[in-house]
Each structure stands twice: as C-alpha cells, then as structure tokens.
2 protein chains.
Amino acid sequence: MGTTQLEAVQEPKYWHLKTVLNDALDSEFEVGEILPNERDLAARFGVARATLRQALEQLELEGRLQRRRGVGTTVAPPRMGVAVGPTTNAWPGAGRDSWNTIGCVEAPAPAPVAALLGTGPDDAVHTIRRERVMQGQSVATELLYVPPASVPNLSGLLTPATHAQAVLRELHTLELDGDDRAVELGSARAEDAKQLDRLPGAPVLVLTTRYYAGGRVAAASVATYRADTCRLTFGDSGAVEVTHHQPESRQAS
Amino acid sequence: MGTTQLEAVQEPKYWHLKTVLNDALDSEFEVGEILPNERDLAARFGVARATLRQALEQLELEGRLQRRRGVGTTVAPPRMGVAVGPTTNAWPGAGRDSWNTIGCVEAPAPAPVAALLGTGPDDAVHTIRRERVMQGQSVATELLYVPPASVPNLSGLLTPATHAQAVLRELHTLELDGDDRAVELGSARAEDAKQLDRLPGAPVLVLTTRYYAGGRVAAASVATYRADTCRLTFGDSGAVEVTHHQPESRQAS
DNA sequence: AAGTGGTCTAGACCACCGA
DNA sequence: CGGTGGTCTAGACCACTTC
C-alpha cells in the first residue's frame, strides 16, 4: 500500500482538469480575460504541458476558450446564434443578408458537389466565394455553385466582381421551389482556415444547401462555419429570439 | 545546404500525413477494412506515434476512420443522413419515428434548459430520455423536457415507462404551433458517451429544439448526435433523397 | 497473455505576435 | 527580442478486447 488511493481514479487527468478549469472559468474569470500561459498552468496543476493542452483543446472545442499563437489563451464569449434558415427561405444574396462576395470563377465543381447538382464531373459551373461577417468577425466562408443551365442569359464575361453580381441577379429571376440543408462536422481546409482566422484543421460546421427551381437543383452551396464560435439556428415558427444560451452558472451558487 | 529542401516544408507533418492517409483510404482500402496498428503505421511513415495519432484523430473527426480501443482502426462507411426536420414537423414520439424511450424522471431542468422553457431554475419538469437507433447503431441520445404546465391532466405517478408514454400522449393532444432548432458542436458527457458507444469527450452535434404551443414553449429537447457518423439533414422541399454524399473519388482517377 | 488504442511525461524546437 | 501557443519526439504505462 502506502498510497491511500481507495478512490480508484479511473478518470483521465485531462478530463478532470477540464472540469476544474471549466468551473474556474465560470467563477473566477471574465469574458475576454487572458489566462496564464500553458507552461505555468501545467506546473500549477502538476501535469505535463501535453496533458494540460488536451484539456484546453476540449474547452476550445466547446467554445469556452480561444487560443491564439503568439498571443495567449482568452475566455471566449458565448457562441453567436447564426440564422441559416429557413426563415430566410430565399436565394442567396437576395435582400439584406450578412454575406460579402469575395470572388467568382468558372470551373468544374468538386465531385461531391457535381453529384448534388446533377452535372457531369468536368462541367464548368459558376463558383462564387462569399464570406459571412457577424459582430465584426468572419464566421463563415461559402462556395456557391451555379450551373450555367440555371443562368443561361448571362452576357459575356466580365470582371469577377460584376460576374458574381450578374449570376446572383439572374438567379433571383427564377422561382425558388424550396431548399434543403445538411450539417456535418468537418475540419477547415487551409484556404478556409485562413479566411476564418483559424489554423488549418480547426473544427467547422459544414452546411450544405440545395436550391430547387423548375424541378431541378438550380444551385448548391457549401458553407463552412467556425464551430467554436457559432451556433447554427434553424428558425421555423415566428417566435422569440435568443442570441446566446450559456449557463447562468456564472454566479448561480 | 546539404539537403535540397527548396520546397520549404512549412506544412506540419501530421497535416501532410493526413492527406496521404486520406488518399490511401480512397484508393487502397475498403469500408470496414482494418488498418495496421498505430505503432506500425508510425514506423512506416517515420514519425512518432503521437504525430501519427494527430493525423488519425482528424480523420476520425471527419468520419473517415473509426477507432476502438482493444480492437483497432477501421475504415468508416460514409456518414448517415439523419433527418431532423422540419419535414417531420410534429411532436416528438408522434407516428413512426426512430426513437426509443429509455426512461423518465421528474426533476429540475439544468439552468440553460429552464431558460428555454421559461420555468424557474428549481421547478421540476418531466424529463424523458430517449435514444435514436439507425441501421442497428445508436446515433443519438435525447433529453426531452416537458413542464407540468404543458401536461396538466397527468394522472397519478406510474412506472417510468408508462409515465413517459402518458406525458407524450398528452403532449400530442396540444396543437403544435411550430418549432425551431439550433445545432452546435459539443463533446459527449460521460453518460451520453456510454450510450453512444464512444469515449467521453467524443465530438457530438447538439441539436436543441423548442416546441411551441399556445404561444408558449411547451417542450424543449436537447439531442446529442455522434458527429463522426451523422450528417443532420433539414429537409424542406419535397425533393429527392440522398443518404450519403461521400466523394466518388473511390476509384475516380 | 497478447495486442490494440488511450493516457501521460519531460523534454525540444518552431512559427507567430507584440513591444 | 522575449513570450506565446503549435509541433514533434521517444519513451512508459494503462484500459480494453480478443483469443
């Protein structure tokens, strides 16, 4: 014997650490406050830095922390509620929405997207890149794919900016029959990560939308949302709004 | 000089490893096939096991791999498309759905849920635990919260099983005004992880639903879906069905 | 008992940020 | 430049499954 460990730990250190830190975040820190650095924290808890990092990683995944290389680890604000429909059951870029057009190219879509659109794997489609900004922060990047068949009256090629506008404008002349969406977990590709101010591989929520018109899939979009800062909301009933949901445990007990 | 590294690596090893493995999975492995163990793989690629694991972790996150302690690492099938509405805009447990009732208790709801329901933080609510099974696999666990005010005619207390049935039955007598949903990334709590046959902390998609009736939130549910195996679909138009979307790159080029 | 993935350590160096 | 988080190593031991 010697060690009176009747407790039978059984719980991984990083898991226990995570709970401890999570509670400390609620009770001893303010949003935006910067934590001690990883080496100090690890020493304070008597674990290796790798173990401490495992706990921080989880907390970042859950949107409790934000870490930035060269800067430090800060307490994250509650996740933003980001409306993704179908309250706004409309064509992308119609009316007032929070998207900015970044660029536009005409190229073959990746295989999975071509399958969604029902186009051949090598058919060129209009590909519009957009960015969604909320509260001064880039929260999503999107690639919107529009087959030429959906916008047949497009005049001769223009600059990327006007090209994108022209595609969207003609899209809006079609009658939208409906749309459907799918959400899954992914990791940010290098390009997306850069735009979202994250490192490659950061967890993202991938929202795939199909737009139907004339009995066909007239357009499809793949939007990549920061999973750490966003909560995707699908409003349906004309009901109250809630912008955040974080526990009130801040100073509950 | 000495080493002709004009390329300027700059790309982390684990990231490169991930791409290599991902391609190998497409071209050299079948779904369900079991990979060499981590020590062998690490040796084969000339990296430490921790580095190899970082790559495997990402691939598992993306639903390409499935790892099980004591067993091995296998190639995962494409993610399941799981319908979560609003095609089935109805009360939970109504008609044919893929949920099984596990149990039922009457207890105060956690603070965030109480806020959704508009009940006091210490008011007891009916709490029904359910499980969703698809293709023989448990893909989600749910806690459904129903304030007593929504089901006032409930007869005296019964066994948990009949209790749950009674609550659902009375819920169905109300007229459903609508519902709204939110999706965010989370990590599985110990209890949920066990039910989903995952380790604690596994990435999950948390779907929060509010059910409206009589101008109030009559019920709320928090459902936890396995993020590695599920793609949440929000059908809207009466359109075609797609059950999986994985790239056809299996034997493309 | 043998083999798997999961946890943990104690170091090292690198890329990035800000003063 | 110093300080931060990010990557990487080469080990060790543990928990679990299977035979």
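Protein chains get the first letters and strands the later ones, always in sequence-line order, with residue 1 at the start of each. These numbers come from the heavy atoms of this one structure, side chains and all, not from hydrogens, waters or symmetry mates.
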_Is the ring pair A:Phe234/B:Phe234 parallel, tilted or perpendicular, if the boundaries are 30 and 60 degrees?_
parallel
*Tell me whether the OP1 or OP2 atom of C:dC8 has a side-chain N or O from A:Tyr14 closer than 4.0 Å.*
no
*Got a sec: does the CZ of A:Arg68 have more than 12 other heavy atoms crowding it under 6.0 Å?*
no
*Assign each of A:Gly46 and A:Gly70 to its nearest nucleotide of DNA chain C by heavy atoms, then name whichever residue's nucleotide is nearer the 5' end.*
A:Gly46
_Rounded distance in Å - CG (A:Asn37) to P (C:dG18)_ = 17 Å
*Are any of B:Thr73's side-chain N or O atoms less than 4.0 Å away from OP1 or OP2 of C:dG5?*
yes
_Any A:Thr51 side-chain N or O less than 4.0 Å from OP1/OP2 of C:dT9_ = yes
*A:Arg39 side chain: which of D:dG5, C:dT9, C:dG5 is closest?*
D:dG5
*asked:* Tell me if the side-chain of A:Arg49 makes a donor-acceptor pair with the base of D:dG6, cut-off 3.5 Å, by modelled atom types.
replied: yes
_Any donor-acceptor N/O pair, B:Thr51 side chain to B:Val47 backbone, under 3.5 Å_ = no
*State which of D:dG5, C:dC8, D:dT9 makes the closest approach to the side chain of A:Arg69.*
D:dG5
_What is the distance, to the nearest angstrom, from the CZ atom on A:Arg68 to the C1' atom on C:dC17?_
10 Å
*asked:* Whole angstroms only, please: what is the CD-P distance between B:Gln54 and D:dG5?
replied: 17 Å
_Separation of C:dA15 C1' from B:Lys13 NZ (nearest whole Å)_ = 16 Å
*Report the C-alpha separation of B:Asp26 and B:Arg64 in whole Å, then their side-chain angles, then the decisive distance to 0.1 Å, and conclude whether the salt bridge (charged side-chain N to carboxylate O under 4.0 Å, His left out) test is met.*
CA-CA 10 Å; B:Asp26 282 335; B:Arg64 301 283 287 133; 2.7 Å; yes
*Let me know the distance between CD of B:Glu38 and P of D:dC13, rounded to the nearest Å.*
19 Å
*Kindly say whether A:Asp228 contributes a backbone atom to a donor-acceptor pair with the side chain of A:Arg79 at under 3.5 angstrom?*
yes
*Under 3.5 Å, side chain of B:Glu33 to main-chain N/O of B:Glu30, donor-acceptor pair present?*
yes
*Does A:Arg129 come within less than 4.0 Å of A:Glu142, counting only side-chain N to carboxylate O?*
no
*asked:* What's B:Leu56 touching, base or sugar-phosphate or nothing? Going by heavy atoms closer than 4.0 Å.
replied: nothing
*Under 4.0 angstrom between A:Arg53 side-chain N/O and D:dG5 OP1 or OP2*: no
_Atom-to-atom span, CG of B:Leu52 to C1' of D:dT9 - whole angstrom_ = 13 Å
*Dot-bracket for DNA chain C: what is it, with Watson-Crick or G-U pairs under 3.5 Å, [ ] where a pair crosses earlier ones, and | for a pair to another strand?*
||||||||||||||||||.
*B:Phe45 CZ - D:dT9 P separation (whole Å)*: 13 Å
_How many whole angstroms separate atom CD1 of B:Ile34 from atom P of C:dT4?_
8 Å
*Got a donor-acceptor contact below 3.5 angstrom from the B:Arg132 side chain to the B:Thr141 backbone?*
no
*Please determine if a side-chain N or O atom of B:Arg67 lies less than 4.0 Å away from the OP1 or OP2 oxygen of C:dG6.*
yes
